[in-house]
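Please read the structure below before turning to the comments.
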Amino acid sequence: MQICSVCSEQTPKYRCPACRLRYCSLGCYKKHKDSCSPAEQPPPPPPAPPEAPSAEPWSVEDLLGEDDYTDKVPPEKLKRLGASRELRDLLSNPHLRQLLRSLDGAGGKADAMRAAMQEPLFAEFADQCLQTVEGDERWESESGNL
């Protein structure tokens with residue numbers, strides 16, 4: 001059985017938040033706080049190490065800084081996505097939003113994309129993205145009009 005660390009008479013009911021000393025009453029706390037020396041706080045945990053690079057490392061700067069735009073979409077064309085009413089309508093579907101979240105968190109992006117393309121809703125979304133970004137250019141070049 002423990003006794004109050006201040007008066008050494010009563011059973012302690014409380015613990016000093018600063019130094020963790022046990023005391024029994026408000027009177028003992030008031031006596032103690034004048035001589036309280038706070039216990040050292042543990043050092044903050046070290047910052048988390050940076051994540052290991054994924055199998056497909058890239059950054060926006062990498063994409064925008066390259067001269068080869070064969071498979072890349074310029075930012076001015078990407079802005080069309082935000083203005084597309086058709087894409088907004090598709091994104092109102094909770095199933096599509098969940099599918100996009102799972103793709104974003106997937107470890108193997110290429111495999112996840114292949115699986116997602118099997119979903120008709122995702123394929124429709126991907127087609128609408130291409131149509132929005134490429135506009136009439138894609139459809140004209142496929143038909144040989146360019």
Side-chain angles (χ1 to χ4, degrees), residues 1-2 4-6 10-26 28-30 32-146:
M1 183 190 243
Q2 295 182 342
C4 175
S5 297
V6 177
Q10 302 291 321
T11 303
K13 298 178 186 174
Y14 311 102
R15 187 179 296 269
C16 175
C19 70
R20 312 297 294 156
L21 179 109
R22 296 184 61 91
Y23 59 92
C24 66
S25 65
L26 180 60
C28 284
Y29 173 71
K30 287 181 179 180
H32 164 70
K33 79 174 186 172
D34 292 334
S35 63
C36 179
S37 55
E40 282 189 39
Q41 297 293 327
E51 291 185 23
S54 67
E56 304 168 18
W58 61 273
S59 71
V60 173
E61 290 77 25
D62 293 337
L63 297 177
L64 296 178
E66 294 180 7
D67 292 330
D68 181 17
Y69 283 94
T70 307
D71 292 327
K72 295 173 183 66
V73 180
E76 57 275 2
K77 286 188 174 186
L78 287 174
K79 289 179 182 177
R80 295 178 189 172
L81 296 171
S84 170
R85 180 180 199 93
E86 292 83 4
L87 283 174
R88 259 194 308 267
D89 290 345
L90 283 169
L91 287 168
S92 68
N93 185 314
H95 177 66
L96 177 61
R97 289 195 312 270
Q98 179 57 43
L99 185 58
L100 291 170
R101 279 191 291 272
S102 67
L103 273 172
D104 186 45
K109 302 285 189 208
D111 291 336
M113 282 296 287
R114 276 191 284 282
M117 286 303 287
Q118 302 304 310
E119 292 272 344
L121 181 60
F122 183 79
E124 180 183 357
F125 172 74
D127 286 342
Q128 186 60 52
C129 287
L130 286 172
Q131 185 176 358
T132 301
V133 168
E134 295 180 355
D136 295 332
E137 299 167 21
R138 177 178 179 220
W139 311 118
E140 290 172 1
S141 65
E142 285 180 357
S143 63
N145 293 340
L146 281 180

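Any value given below was found using the heavy atoms of this structure, including those in side chains, with hydrogens, waters and symmetry copies removed.
With a 4.5 Å cut-off on side-chain heavy atoms, Arg114 and Met117 do not count as touching. Contact annotation: the side chain of Leu99 never approaches that of Phe125 to less than 4.5 Å [non-hydrogen atoms, C-beta and beyond]. Side-chain contact check for Leu103 versus Phe122: some heavy-atom pair is nearer than 4.5 Å. With contacts defined as side-chain heavy-atom distances shorter than 4.5 Å, the pair His32/Cys19 qualifies.
Taking each heavy atom of Cys16 and Tyr23 in turn, the nearest pair found is N-CE2, 3.4 Å. Across all their heavy atoms, Arg80 and Val133 have their closest contact at NH1-O, 2.6 Å. Residues Pro12 and Cys4 come closest through the heavy atom pair CD-N, 3.7 Å. Between Leu81 and Cys129 the shortest heavy-atom distance is CD2-O, 3.8 Å.
The OH atom of Tyr14 lies 14.5 Å from the CG atom of Leu21; values are rounded to the nearest 0.5 Å. Atom-to-atom distance recorded for Lys30:NZ and Ser25:OG is 10.0 Å, nearest 0.5 angstrom. For the atom pair CZ (Arg20) and OG (Ser5), the distance works out to 12.5 Å, reported to the nearest 0.5 Å. Rounded to the nearest 0.5 Å, atoms CD (Glu124) and CG (Leu90) are 4.5 Å apart.
When atom types are taken as modelled, the side chain of Arg97 and the backbone of Leu91 share a donor-acceptor pair closer than 3.5 angstrom. A donor-acceptor pair under 3.5 Å is formed between the side chain of Lys109 and the backbone N or O of Asp104. Counting only distance, with no hydrogens or angles, the side chain of Arg88 and the backbone of Gly82 share a donor-acceptor pair below 3.5 Å.
Counted by atom type alone, Gln128 and Thr132 present one or more donor-acceptor pairs between their side chains at under 3.5 Å.
Residues that satisfy the side-chain hydrogen bond (donor to acceptor under 3.5 Å, both in side chains) test with Glu86, not counting sequence neighbours, are Ser84.
Residue-environment remark: CZ (Arg85) stays at or below the threshold of 12 foreign heavy atoms within 6.0 Å.
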For side-chain contact (heavy atoms from CB on, under 4.5 Å), just list the numbers for Leu121 and Asn93, CA-CA rounded to whole Å, side-chain angles, deciding distance to a tenth of an Å, and then say yes or no.
CA-CA 9 Å; Leu121 181 60; Asn93 185 314; 3.4 Å; yes

